[in-house]
Number of protein chains: 2
Amino acid sequence: MASGMTTKNGQPFDRAALEQLMKRQLFYTPAFEQYGGVSGLYDFGPPGSALTDAIITIWKDHFVLEEDMLLVDCPMLTPYEVLKTSGHVDKFADWMCKDPKTGEIFRADHLVEEVLESRLKGDKEARGQKVEETEEDPKKKKKKVKNIAAIKLDDAVVQEYEEILAKIDNYNGEELGLLMKKYDIRNPANNGELLPPVAFNLMFQTSIGPSSNAPGFLRPETAQGQFLNFDKLLRFNLQSMPFASASIGKSFRNEISPRAGLLRVREFTMAEIEHFVDPEGGKKHHRFEEVKDIELELLNREVQLSGKTNVETTKVGKAVETGLVDNETLGYFLARIQQFLLRIGIDKKKIRFRQHMANEMAHYAADCWDAELLTSYGWVECVGCADRSAYDLTVHMKKTGSPLCVRENREVPLKIEEWQVDVNKKKLGPQFKKDAKAVESAIEALSQELREKLSLDLEKEGKVVIDAPGVGEGTAELSKDLITIEKRTRVENVREYTPNVIEPSFGIGRIVYALCEHSYWSREGDEARGVLSFLPPVAPTKVLIVPLSGRPEFKPLVRKLNAKLRAIRISSRVDDSSSTIGKRYSRNDELGTPLGITVDFQSVKDDTFTLRDRDTTKQVRASLDEICGAISNMVNGTETWADVAGRLPAFEGQEVD
Amino acid sequence: MASGMTTKNGQPFDRAALEQLMKRQLFYTPAFEQYGGVSGLYDFGPPGSALTDAIITIWKDHFVLEEDMLLVDCPMLTPYEVLKTSGHVDKFADWMCKDPKTGEIFRADHLVEEVLESRLKGDKEARGQKVEETEEDPKKKKKKVKNIAAIKLDDAVVQEYEEILAKIDNYNGEELGLLMKKYDIRNPANNGELLPPVAFNLMFQTSIGPSSNAPGFLRPETAQGQFLNFDKLLRFNLQSMPFASASIGKSFRNEISPRAGLLRVREFTMAEIEHFVDPEGGKKHHRFEEVKDIELELLNREVQLSGKTNVETTKVGKAVETGLVDNETLGYFLARIQQFLLRIGIDKKKIRFRQHMANEMAHYAADCWDAELLTSYGWVECVGCADRSAYDLTVHMKKTGSPLCVRENREVPLKIEEWQVDVNKKKLGPQFKKDAKAVESAIEALSQELREKLSLDLEKEGKVVIDAPGVGEGTAELSKDLITIEKRTRVENVREYTPNVIEPSFGIGRIVYALCEHSYWSREGDEARGVLSFLPPVAPTKVLIVPLSGRPEFKPLVRKLNAKLRAIRISSRVDDSSSTIGKRYSRNDELGTPLGITVDFQSVKDDTFTLRDRDTTKQVRASLDEICGAISNMVNGTETWADVAGRLPAFEGQEVD
């Protein structure tokens with residue numbers, strides 16, 4: 001559990017300072033601000049969109065290119081029937097409580113959480129304990145509960161509260177209502193009593209076409225489009241299983257009252273993978289061997305249900321072996337998710353994988369883990385990874401009759417011994433007339449056990465009586481001349497099965513925000529100088545070009561550098577403003593620009609330039625080609641600054657930090 | 001005008017064959033097909049999304065990186081007020097006509113177009129002329145009008161029809177209604193009379209938040225988010241003008257009855273640039289010199305209004321000089337748009353720029369040109385490029401009071417000689433009491449001319465009478481002791497202005513479709529073997545790897561090639577199926593894969609491979625590193641196949657075409 005977030009150089013983390021920086025530098029800004037804004041909607045400015053783009057590019061490289069996934073792009077507008085079948089129309093909802101007097105609306109689980117947390121805080125104060133910003137706030141949202149009364153609670157009550165908070169995601173609406181009654185949870189603003197929780201569907205509704213009789217929704221996830229294309233994708237993949245599809249795009253969630261900045265928004269970028277796998281044979285993965293020794297921090301469901309949040313460091317191989325993680329494919333993706341998060345610069349100490357509890361998980365899911373990242377808001381779900389079994393393909397196939405399944409020739413044909421019933425239709429028809437069809441169905445429905453028994457009866461009695469719903473009294477008498485029952489061998493050459501789906505699902509916006517928190521620190525002795533230490537492959541702009549001054553002889557060199565970098569598709573930014581070099585670098589520290597090139601008098605003389613590393617503020621000096629080569633390597637991730645500093649001559653002429 | 005589209009090798013273009021190919025290879029497929037589909041919504045499968053992604057990547061490189069544009073990403077959900085101010089709530093509509101008996105709905109302009117075109121076709125048949133598929137169908141949609149009666153028309157009528165069709169985009173609802181009356185245009189299916197055209201707003205509506213009293217729309221374009229961020233972007237750009245923002249994302253249009261495949265859809269990817277420029281000084285562009293000699297095919301508005309469609313080949317510099325294209329910045333972007341289209345592989349002979357006619361253009365626009373691409377549906381608008389004047393920033397600034405403008409220090413302060421009025425408020429207040437404010441406003445509103453005249457009157461008469469709406473009889477008498485009028489010099493150090501906006505706006509889906517048409521042909525002598533000749537930087541998959549057979553000694557080489565290409569981030573696809581090499585290449589011709597590597601017995605011996613060019617089916621043979629180097633160069637656009645074939649040894653051992 002977090003106790004006082006710190007930055008990478010050990011300073012206390014200051015969320016307000018980071019948020020100001022991000023707004024000042026236009027990473028993001030509330031959307032439609034001039035029109036009063038809409039909560040949960042944000043604009044991403046140049047650094048914010050470039051950062052998001054860079055992370056998506058790495059995601060594609062890490063998953064899609066690396067594993068030959070099939071990328072698809074499906075509409076956001078989705079007809080009602082599709083989301084009715086998937087279960088979203090009925091179940092994609094949060095519980096909301098209304099204050100009947102003021103009309104104010106609260107999300108029930110968040111309210112319970114906030115009130116109990118504030119009471120625990122008040123208890124701590126009353127006991128004279130230090131209250132840290134993030135302690136006891138594993139999923140803290142921006143507080144509605146502002147003035148915390150320092151009231152001591154019974155030890156037993158403290159324990160009850162802590163246990164409830166540990167499993168807050170496990171309650172349904174009725175249970176939340178009971179908790180609110182039991183612990184007298186009211187509108188924190190006016191102490192008014194609230195109505196019991198009711199379900200609020202989180203999809204945005206619209207209607208498609210001019211006659212407004214075709215209701216539709218904005219998709220809440222990208223998954224359904226992938227499921228509906230399963231059979232086409234299987235064909236595209238030359239009928240070869242297993243395979244994965246992937247989709248990157250916006251999804252929508254009509255949050256009841258979005259807060260917590262970029263963590264809870266109404267429109268967001270998702271990247272989702274649907275890995276389709278044969279449910280037989282233990283859901284093995286052919287590259288599991290490569291990841292089995294990777295260690296993950298696992299918080300399993302039993303620990304949470306016991307009211308605790310202790311994680312255990314476990315190798316993926318071990319976790320699958322012991323059955324904690326359901327199968328190899330699921331385990332493989334947990335490891336790959338962690339690799340991805342580390343690759344973009346997420347702090348390893350701030351990653352954990354939390355298993356879903358029974359009520360939290362959909363009834364059909366075999367297992368589900370969330371990759372949670374530690375932020376100043378507590379542990380935040382950023383990637384979900386669920387084994388959804390055959391649920392999705394099954395419901396769409398049932399509803400539409402489309403073959404969302406695999407038909408495979410068996411290498412060895414399957415021989416099945418079974419009791420078969422032959423019907424003499426010529427006689428059965430005239431005897432049962434309009435009921436003949438129903439009788440035939442009743443015969444077909446007979447179980448193997450019953451068939452075996454009936455064959456003996458038929459032998460002995462010359463006739464049998466079977467249940468036949470809808471026929472006369474509900475039974476039908478069948479004589480020997482109507483049916484024959486025999487044990488025979490049937491040969492099955494084709495195997496038909498519905499694949500299971502392992503679904504890693506990434507909330508890109510949340511990952512971007514967590515990365516900003518993990519990358520933020522400020523220069524020693526100058527707390528106002530914030531730095532975002534993005535890795536070169538991730539940084540919005542890679543290079544800042546600064547001429548020492550506005551002298552005209554620097555201009556052609558600046559242009560040459562700019563053009564040269566553009567030619568190798570590296571984004572650079574020229575700052576030839578009149579500010580001091582220190583100020584100009586300072587601004588680019590805030591933008592997370594990892595590298596800086598200074599054009600000075602020496603450059604004019606011999607065409608060499610200094611290259612500066614943002615984090616260390618150390619510099620090297622080399623020719624144009626050498627500098628550009630080093631930059632290219634660092635941006636592509638094949639060299640680090642340490643490598644470059646090791647092979648190019650250091651430069652210590654100017655003070656530019 | 002098109003007369004029978006042909007492919008690049010001169011075959012007649014077969015749209016049905018291309019569409020079948022694209023669906024078969026999963027470039028796209030109707031969305032939600034199992035649920036009956038929704039017209040105007042499509043899924044893009046792996047080759048379709050990769051192609052789109054590649055085009056977007058080049059777009060970013062060509063515009064954003066090349067010109068340091070500020071990329072932003074704003075929500076699709078947009079509150080009502082924003083789109084009310086922009087004019088979309090009132091004006092973003094098409095004209096629709098209803099058949100009152102059947103309830104069928106038609107888009108009025110399309111219906112007029114289709115009926116007149118079909119009558120012209122019938123006339124041609126009656127005259128015994130050859131009717132070609134695309135002739136006379138400049139904007140043909142999938143026909144509702146199926147059985148064309150061969151009826152001869154008067155020569156005068158033929159001319160009238162042709163003139164109407166040439167300016168079909170220039171009619172409003174009332175005019176379309178009159179045309180329908182005059183030419184007796186009815187429901188083609190049942191000859192039923194239709195109701196007059198009414199406006200149908202094309203935005204999808206929804207409501208934001210749980211209380212459903214916050215109406216919103218899905219954005220019809222990405223532009224509004226960019227306009228609303230103007231002041232923040234200007235600050236981000238260190239107050240430096242001109243600059244451009246850019247946005248890539250989905251927009252929505254609730255089409256009345258979408259047809260014409262990928263050309264008219266309800267959800268689509270747009271890439272839009274908003275270039276903000278000082279309206280003073282002729283809207284020069286500092287890089288205009290680089291493009292001024294580029295030739296464009298221009299179809300100007302006068303030609304269209306005269307009922308013709310002749311284009312004129314004109315250098316951009318000349319077009320701006322003569323005033324045909326309004327200004328340098330607009331001309332610069334027209335040239336850059338053409339460069340982009342050529343760079344992705346659009347056929348130069350199938351590009352024209354059509355100027356908007358007066359009624360077609362928004363009232364505030366200074367000039368507007370569409371880049372149209374010739375397809376089998378006729379000339380299709382794929383990129384719009386408008387000078388929107390200061391309209392957008394002005395309306396939002398007026399509505400919200402936000403400073404969406406530029407404030408610049410003047411290098412030379414501006415001295416303005418003007419007549420100023422001083423008011424003695426101590427006396428004016430008591431004299432006019434509650435009307436004092438209104439009188440002051442009336443004084444402020446006095447024009448310079450009037451002030452000059454009044455100063456003389458005041459001198460002469462000792463008093464003046466001015467218009468003062470809302471005060472007594474609507475006038476106010478002011479004596480010498482209340483006001484003084486003098487000519488003085490005012491010095492203005494700051495200049496405030498609202499920038500004008502040049503807006504190049506790209507319909508990515510339409511460009512993708514047109515590119516597919518322009519790239520499609522089939523192998524001589526085997527019309528069933530379609531080929532999509534995408535350039536290597538654009539192609540969905542760059543390399544096909546085919547082992548000669550399934551022999552085990554080929555497998556490690558295939559893996560090595562695959563890994564090597566992945567390491568340099570080039571997408572490849574292994575086809576080790578049992579089909580013949582010819583069949584495997586044939587499938588990849590359809591996917592537009594430009595390059596193929598064959599692994600054969602020689603490869604096992606000496607680690608050399610053959611590299612095959614899709615278009616010529618020629619091959620070279622070289623080492624792994626040489627092959628990968630050549631591929632990398634072709635994908636990055638620094639070498640062509642001709643270059644590679646010129647420097648690596650040809651291979652003629654196998655027949656793999």
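Here is how names work: the chains are called A, B, and so on, in the same order as the sequence lines, proteins then strands, and each is numbered from 1. Quick caveat, the model's predicted, so the values are computed rather than measured.
- Looking at B/L65, the atoms closer than 4.5 Å to chain A (heavy atoms on both sides) sit in the backbone and in the side chain alike.
- Taking CD from A/E267 and SG from B/C74, the interatomic distance works out to 9.5 Å, rounded to the nearest 0.5 Å.
- Between chain B and the options A/T400, A/N636, A/N229, A/D73, the largest number of non-hydrogen pairs under 4.5 Å is found for A/D73.
- Here the side chains of A/R587 and B/L238 are in contact, with some heavy-atom distance below 4.5 Å.
- Of the two parts of B/F200, only the side chain, counted from C-beta on, holds a non-hydrogen atom closer than 4.5 Å to a non-hydrogen atom of chain A.
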What side-chain donor-acceptor pairs closer than 3.5 Å can you find for residues 25-32 of chain A, not counting sequence neighbours?
from: A/Q25; atom 1: NE2; to: A/E590; atom 2: OE1; distance (Å): 2.8
from: A/T29; atom 1: OG1; to: B/K232; atom 2: NZ; distance (Å): 2.7

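- Most heavy-atom pairs under 4.5 Å with chain B, from the set A/K60, A/R566, A/M69, A/E33: that is A/R566.
- For residues 49-56 of chain B, the interface with chain A (any heavy-atom pair closer than 4.5 Å) comprises B/S49, B/D53, sorted by residue number.
- Interface remark: B/I248 contributes no atoms to any contact with chain A (heavy atom separation under 4.5 Å).
- Residue contact with chain A, scored on non-hydrogen atoms closer than 4.5 Å, involves the side chain of B/V38 exclusively.
- Heavy-atom distances place no part of B/Q224 under 4.5 Å from chain A, backbone and side chain included.
- For chain A, no part of B/D94 is nearby; none of its heavy atoms comes within less than 4.5 Å.
- Of all heavy-atom pairs spanning B/Y35 and A/E81, the tightest one is CD2-CB, 3.7 Å.
- Neither the backbone nor the side chain of A/N201 comes within contact range of chain B; no heavy atom of the residue lies under 4.5 Å from a heavy atom of that chain.
- In this structure, the portion of B/F252 lying under 4.5 Å from any heavy atom of chain A is its side chain and not its backbone.
- Chain A forms more heavy-atom pairs under 4.5 Å with one residue of B/I570, B/T85, B/V64, B/L404 than with any other, namely B/T85.
- Side-chain contact between A/T57 and B/R569: absent, with no pair of heavy atoms (C-beta onward) separated by less than 4.5 Å.
- Considering all non-hydrogen atoms of both residues, B/R235 and A/R24 come closest at NH1-O, 3.3 Å.
- Counting heavy atoms from C-beta on, the side chains of B/P46 and A/F236 come closer than 4.5 Å.
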### Task
Determine, stepwise, if the pair B/R573 / A/D68 fulfils salt bridge (Lys or Arg N to Asp or Glu O under 4.0 Å).
CA-CA 8 Å; B/R573 202 181 156 88; A/D68 293 323; over 6 Å; no
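- The minimum heavy-atom distance linking A/M96 with B/P210 is given by the pair SD-CB, 4.1 Å.
- The two residues B/I208 and A/N254 make their nearest non-hydrogen contact at C-OD1, 3.8 Å.
- Closest approach of A/L41 and B/L77 over heavy atoms only: CD1-O, 3.7 Å.
- Interface remark: B/L233 contributes backbone and side-chain atoms alike to the contact with chain A (heavy atom separation under 4.5 Å).
- Residue B/K98 qualifies as open at atom NZ: its count of foreign heavy atoms under 6.0 Å is 12 or below.
- Listed options A/A563, A/G401, A/G103, A/P75 were ranked by heavy-atom pairs under 4.5 angstrom with chain B; first place goes to A/P75.
- The residue among B/K399, B/H396, B/M76 with the most heavy atom pairs within less than 4.5 Å of chain A is B/M76.
- Contact record, A/Q34 with B/L228: NE2-O, 2.7 Å, taken as the closest heavy-atom pair.
- Considering only heavy-atom pairs separated by less than 4.5 Å from chain B, the leading option among A/V265, A/L202, A/I256, A/V82 is A/V82.
- The choice from A/T78, A/L70, A/L218, A/L71 that makes the most heavy-atom pairs within less than 4.5 Å of chain B is A/L71.
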